[in-house]
Every structure is written in structure tokens, then in C-alpha cells.
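Labels below follow one simple rule: chain letters A, B, ... track the order of the sequence lines, proteins then strands, and each chain is numbered from 1. Since this is a predicted model, take the numbers as computed values, not measurements.
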Amino acid sequence: MGRQWGPSVRAAAQAGCVVSASRAEQPEAGFWSCSGVILTRSPVLVLCHGGIFTPFLRGGSGALTSADATFLPADSCGDDLRLHVQWGPTAASSAGRAEQGRPGLCTSRC
Amino acid sequence: ASLEPGPAAQPGGRLLEPPRAAELLLLLSCPAFRSQLARLFGSKRAEQWRFASAAPVEEVSGDEEEDQLRGLGWFALLRVQPGGEAKGEAARGLAVTVAPLGAVAKGAPLLACGSPFGAFCPDIFLNTLSRGVLSNAAGPLLLTDARCLPGTEGGGVFSARSVGALVALVAVPLCWKASEWVGLTLLCAVPPLLRAARAALTHLPDGAALAALLPPEVGAPRGLPLRDPRPPWVASAVLVEFGSVWGSGVAMAPRLVVTCRHVAPREAAKVLVHSATPKSVAIWGRVVFATQETSPYDIAVLSLEEDLDGVPMPVPAEHFQEGTAVSVVGFGVFGQACGPSVTSGILSAVVQVDDTPVMLQTTCAVHGGSSGGPLFSSPSGDLLGIVASNTRDNNTGATYPHLNFSIPITVLQPALQQYRQTGDLGGLRELDHATKPVRVVWRLQCPLPMTLRSKL
């Protein structure tokens, strides 16, 4: 990708992650997921998109509409919210393989 | 821009850390981002814009869609449960450096990193990269032409220069305007989000300690300037207003602007030309020349009543090399609501007649409103051509922004020189008498009954 991209490719690979949200009592309902960025390592703080939390909002998506709100506390979401974060290997860490995803997606032959 | 696996790709899938449980600390929003979103995409235009959203795909009513629009500007701060760190990992603090808002100039390269379809097959899609440029900015709402897919919402966008600093998060990966795919991704700049996080964290019992951990906005660690030098050629793009019609143009001399005939079709008519850089000005001018409808070259020349002060004049190219990195600058998509947008790509074809280039094609995203704007060589900044159209399939109504057509500047330059030096329009009038082979090349441009029509 060329020398100029070196630092950003490294930064991206180190910081990139995926976030998934699911319901504690209904794992079979599947999950919502998006991408995210790891901001700090210890503790691991992650910034991700808020769209995956809409189904968990106690007050429904209406809670997102007040124009000048800058934050909503964690308890705006129901207690059944379960979150998981996954990222690639970081220095010296060993990592296993992800379980295979559902076969809902395939590469279509052109 | 293309999706490429990151450096850690291993044959047979990526190595992954096992998923780690996390807790939601805060849902965050940036009011300035959301107000820009509403300004550019909201109110009566809402019916024109469609967005890919991270929520499961379902039919939504008008109200819910409005809600979805407002919900687009929300992000979340999470804390991963401790435990499971590899030895030595705990010792490392910041995972990213953050670029201050405004540090990256329009046209500067960006790298988006996200996982298409989120956590669905991360061993295949985790941290997929896509390259583009900063296409436009309205406060903390940024646009890039790096292509992102659903699931990459929340992914990081990094500056391509020396430090690889985090610039923004993906807010909306795909958007359609009046069912035309725009090919631009909406981003939310990170600094305002982190500021909102620091303020909100004070409401949590251990918030102050967490706030202190968040990455500050920094320049390059070794003091190197982070701000990309703005490519000077961005400033030579102007907006041309002719009655209720507007399009783009390029300043060739302090009082000479070139645009497309279908933007300013009538000779002697008055036009208003807006330039945004170095300062916002609007100058009246007149159409001194416009090709005939039947000419394959969709060109008009404007003479201004005042100088465009401080606007750098582009250097016309003399040669074209297919594969060259190129940039288009134009007022498509947002018109006057934003300054010009920059999109990047390559010169995908140079069509010649008798060894003379008569048409250029690029892979940049070109939208309605961009016609008349300049096509530049990204490495040299030389002006390659005048954007005339993108592609539309009249049978399906689909538009293809990334297949577009420009008039080589070499076709225009001699006649423009003659007009500038002598005021003689003779050379320009020749454009109405292009040879038949040239007409054949540009035949999709002319309105033919019941055949494919290509016009912005």
C-alpha cells in the first residue's frame, strides 16, 4: 500500500475491533454489531457506533432525538444488553479462531 | 479506493482474540455533528436521502426514518471487562493518537478501517481497509470517498500522513440521493466525541480517572506538523449560478472561468460565480461563449466583471497517462450548502481520435452539480480536463458516479489562449465543428431518442 500509508495501516490494524450487542435472555434472536476503535489498552476503552444500541433503549429511539443531548447514561439501555468486543492479535498475544459465521452471506460469482 | 486486508491477514482467515465481554459506559452524541447532519440532509430533503443503518434492515415509517436520521449521530463508549489480556498488554496505554479537528485538509488521503457486516465472519472481514480522501467537511461532519459497507459504522478513519492519527469514526457508510448511490461515506470527527465523553464521564463514579485516560488531541509526536498542505488546485473550483441552475466551473485566469454549456447555455447571459477560497466571494460575469447543442464538447466560457483575487490558476496538462491518480473538485451533492467536494480515483481511459485525446474517463465519484468542474492530476496538480457528465442507464434509471467523462484541457487550451490574448472567439467556435469521429466518441452525450443518454 506504499510507504506513506505505513503508520496508518499499523494504527488501524492495532485499534480496529468489532462490537456485538445481544439480549441475555434471547441469544437465539441473534445480535446487532458494528465496528469500533480501541482508544486505550489498560483498561480497554472502545468507541463504537451507537446505532446497535437503539433496540435496547428503554425509551425507544425517541430518546435519541433531543437536539442538544450530548450523552445518555448506560442505564438508558435495558439490563438484558450483553456486549462483546473482538479484535485482532496484538503484540505477542496468541489468539484462537473465531467460530464460523452463519452462512447467510456468500461471495457471488460474477 | 478498494478494500484490502490489513497486514495481519493470514492464509485461512485472520487470527483473532476471543470475544471479550464489555459494558456500556455512555451513549455519546455530538450536537454540532447532528445539526450539520440535519442541515445538509434533514428537513424537506429527507425524502431524497437514504442511508444504510446499523439497525437490522426493516421497513420503517416516515417518522421512524426521521428518528433514524437523528439517531445516526450517536456513538458509544465501552469498557472491556478485565482479564484475558496477554502478558505485557496491560502495560500499554493509548492505542491511538487523535488528530485535532480541521487538521486534515480537503483532498488529503484518508484510510478507513472497518469490518463489513460487523461481527458476522470477523475472521474474514475484521479491519478491512479502504482508501480515499477527505472529500468535504462541515464542522465535525466529514465526508470521504473511501468506500465503506454496512457494518463498518464506528470504524476508525485515519490520516495517511506520518502519524496515522485517528481522524473520525464512520457514521453512515452508504447514502443514496434520490435513489442514486452517492459513493460518499459520512464521518463524525473524533475530537468533539472525546470532549463529550470527558464531560459526560464526570457523571460516573470513576469517571474522572477514565476521562484522564482518553487520548488527547495531539500533533505528530516528534513535532511534525500534522496539517496537510491543502492542494492549491482545490481553490480554483468555483460554483456557477445561471438563474435557477447551478453547476461547477474552474478559474483559468483571474477573470476567465470555464464551465459546461448545459450549466450556462446562453451567450451574453449573466451568471454569478462563487469562489470559497481564499475567501468567500460572489462575482457577476457574462457567458462569452457556449458551444452549440450539437457540438460534442459541452463547454461554456465566462468573463467576470472583477478579478478572482488570490485564487491559484491551474497549470493545464499537456499529456495524459492512464492509471494516473486524479481528483475531481466540484459542487455536486451539496451545491452551495458546503464548499466544493474533492473525490479521488484514477484516469481510467483516454479516448483518442487520430492520436489526439478527445475524452477522459475517471473512477472518481462525480455527481449532479459537478459538471463544469476541474479534473486534476493528483500528483502534479495539473489541470487535465473539464468534467462533463457521469453515466446513467435510461432503462433502469441507475446512475454510475464512478464512470464519468471529461473534456481534455488540450482540446480547449489553444482556443482559450487565443481568446485571452486577443479576445477572438474563433478558436472556440471551432469546437462547434468537431469531426465525425469525435462526434462518434461523444455520441452518448447527445440527446438521441430512445437510446442510452449520458448527462449530469
Does the side-chain contact (heavy atoms from CB on, under 4.5 Å) test come out yes or no for A:Val46 and B:Val80, once each step is laid out? CA-CA 8 Å; A:Val46 169; B:Val80 172; 4.2 Å; yes
Can you find a heavy atom in the side chain of B:Leu26 that is under 4.5 Å from one in the side chain of A:Leu72? no
Considering only heavy atoms from C-beta outward, does the side chain of B:Leu78 approach that of A:Leu45 to under 4.5 Å? no
Heavy-atom pair count under 4.5 Å with chain A, highest-scoring of B:Val157, B:Leu27, B:Leu204, B:Leu213: B:Leu27
Identify each donor-acceptor pair in which a side-chain atom of residues 164-173 of chain B lies under 3.5 Å from a protein atom, sequence neighbours left out, and give them as a table.
none

Top contributor to chain A interface from B:Ala21, B:Ser35, B:Gly156, B:Cys30 [non-hydrogen pairs under 4.5 Å]: B:Ala21
Using only atom types and a distance under 3.5 Å, with no angle test, would you say the side chain of B:Ser115 pairs donor to acceptor with the backbone of A:Val18? no
Any chance you could measure B:Arg131, atom CZ, to A:Ser8, atom OG, to the nearest 0.5 Å? 10.0 Å
Looking at A:Val44, is its backbone amide N or carbonyl O close enough to the side chain of B:Arg20 to form a donor-acceptor pair, meaning the two atoms are under 3.5 Å apart? no
Side-chain contact, heavy-atom cut-off 4.5 Å: A:Thr54 with B:Trp74? no
Any side-chain to backbone donor/acceptor pair from A:Gln14 onto B:Ala95? Under 3.5 Å, distance only. no
Where do B:Ser29 and A:Thr70 land on the side-chain contact (heavy atoms from CB on, under 4.5 Å) test, with the steps shown first? CA-CA 5 Å; B:Ser29 169; A:Thr70 57; 5.5 Å; no
Locate the shortest heavy-atom distance separating A:Gly88 from B:Glu17; write the atom from each residue and the value. O-CG, 3.4 Å
Can you tell which of A:Val37, A:Leu39, A:Leu81 has the highest number of heavy-atom pairs within less than 4.5 Å of chain B? A:Leu39
For the candidates A:Gly36, A:Gly16, A:Cys48, A:Ser20, which exhibits the highest count of non-hydrogen atom pairs separated by less than 4.5 Å from chain B? A:Cys48
In terms of heavy-atom contacts, B:Arg34 and A:Ala69 come closest through NH1-O, 3.2 Å
pair B:Leu28-A:Leu47: side-chain heavy atoms closer than 4.5 Å: yes
Output a table of donor-acceptor pairs, distance under 3.5 Å, between side-chain atoms of residues 190-203 of chain B and any protein atom two or more places apart or on a different chain; print 'none' if there are none.
{"unit_1": "B:Arg195", "atom_1": "NH1", "unit_2": "B:Glu217", "atom_2": "OE2", "d": "2.7"}
{"unit_1": "B:Arg198", "atom_1": "NH2", "unit_2": "B:Pro215", "atom_2": "O", "d": "3.0"}
{"unit_1": "B:Thr202", "atom_1": "OG1", "unit_2": "B:Ala199", "atom_2": "O", "d": "2.5"}

One option among B:Ala76, B:Gly118, B:Cys113 has the most heavy-atom pairs under 4.5 Å with chain A, and it is B:Ala76
Specify which of A:Cys17, A:Ala74, A:Cys77, A:Ser35 makes the most heavy-atom pairs with chain B at under 4.5 Å. A:Ser35
Once rounded to the nearest 0.5 Å, what's the spacing between atom OG1 of B:Thr152 and atom NE2 of A:His49? 9.0 Å
Distance col, row B:Arg79:CZ vs A:Thr40:OG1, nearest 0.5 angstrom, shows 10.0 Å
Roughly how far, to the nearest 0.5 Å, is the CG atom of B:Leu24 from the CZ atom of A:Arg82? 12.5 Å
Compare every heavy atom of A:Ala12 with every heavy atom of B:Asn127, then report the nearest pair and how far apart it is. ND2-O, 4.0 Å
